[in-house]
Each structure stands twice: as structure tokens, then as C-alpha cells.
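Read through the structure below, which is laid out as C-alpha cells, and then see the notes.
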Amino acid sequence: MEKLKLKLNTEKINLYFHILTAVSVVVLLTIVSLFLYRNFYQTITQSEEILILQGKVASDVVNMNKFNKILEKIKNKTESRKLGEIKNPFD
């Protein structure tokens with residue numbers, strides 16, 4: 001069996017170097033583009049959405065006393081009772 005001999009000359013080495021450089025540049029540009037998209041563009045877009053939504057949110061002041069009373073009433077309604085505390089409706 002004959003061994004495959006690899007003949008390299010300066011033209012082939014130069015060609016391979018250019019191909020490797022082009023592929024490296026494309027990969028590097030892709031990585032940089034993804035980094036910029038994720039860390040800058042998406043952040044700017046999210047901050048713009050927040051600013052738009054802030055104008056649509058109701059800016060009413062909540063009366064905390066009334067709010068706490070309502071929560072207490074809801075809690076009292078949903079609490080389970082003991083059987084001894086229930087009035088007999090047939091008496």
C-alpha cells in the first residue's frame with residue numbers, strides 16, 4: 001500500500017491560512033453580535049417597555065387601613081370553623 005503523501009507548498013499554506021482567517025472572523029463576529037444583542041439591545045428594549053408601561057399604570061394612593069380591613073374580612077370568611085361553634089339552623 002502506498003502512503004498518502006501530503007504535498008504542501010506556500011500557495012496551499014497561504015490558501016489554508018486565508019480560509020482559517022475568514023472562518024475565525026465570521027465566528028468572532030457572530031459571538032460579538034450575540035453579546036451585544038443580549039447585553040445592550042435587549043436591555044434598552046426592556047427599559048423602553050418599562051417607561052411605556054409606567055405611563056399606563058394607575059398611580060392611585062392606596063388606603064392601607066381599608067386594605068388591611070378587607071384582607072382581615074377575607075381571612076375571616078375563608079377560615080375553617082370548629083364544629084362546636086356552628087349554630088344549629090334547625091333550632
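For this chain, numbers begin at 1 and follow the sequence in order.
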Who pairs with Leu36 by side-chain contact (heavy atoms from CB on, under 4.5 Å), at least two apart in sequence or on another chain? Val32, Phe40
Apart from Leu29 itself, members of its ILVMFWY cluster (side-chain separation under 4.5 Å) are Val25
Residues passing the side-chain hydrogen bond (donor to acceptor under 3.5 Å, both in side chains) test with Asn14, sequence neighbours excluded, are His18
Identify which one of Leu15, Ile13, Asn9 satisfies the side chain to side chain contact (heavy atoms under 4.5 Å, CB included) criterion when paired with Glu11. Asn9
Mind checking what makes side-chain contact (heavy atoms from CB on, under 4.5 Å) contact with Thr45, not counting sequence neighbours? Tyr41, Glu49
List for me each residue that meets side-chain contact (heavy atoms from CB on, under 4.5 Å) alongside Asn63, sequence neighbours excluded, and say none if there are none. Asn65, Lys66
Can you list everything that forms a side-chain contact (heavy atoms from CB on, under 4.5 Å) with Val62? Sequence neighbours excluded, please. Met64, Phe67
What distance do Leu28 atom CG and Ser33 atom OG have between them, rounded to the nearest 0.5 Å? 9.0 Å
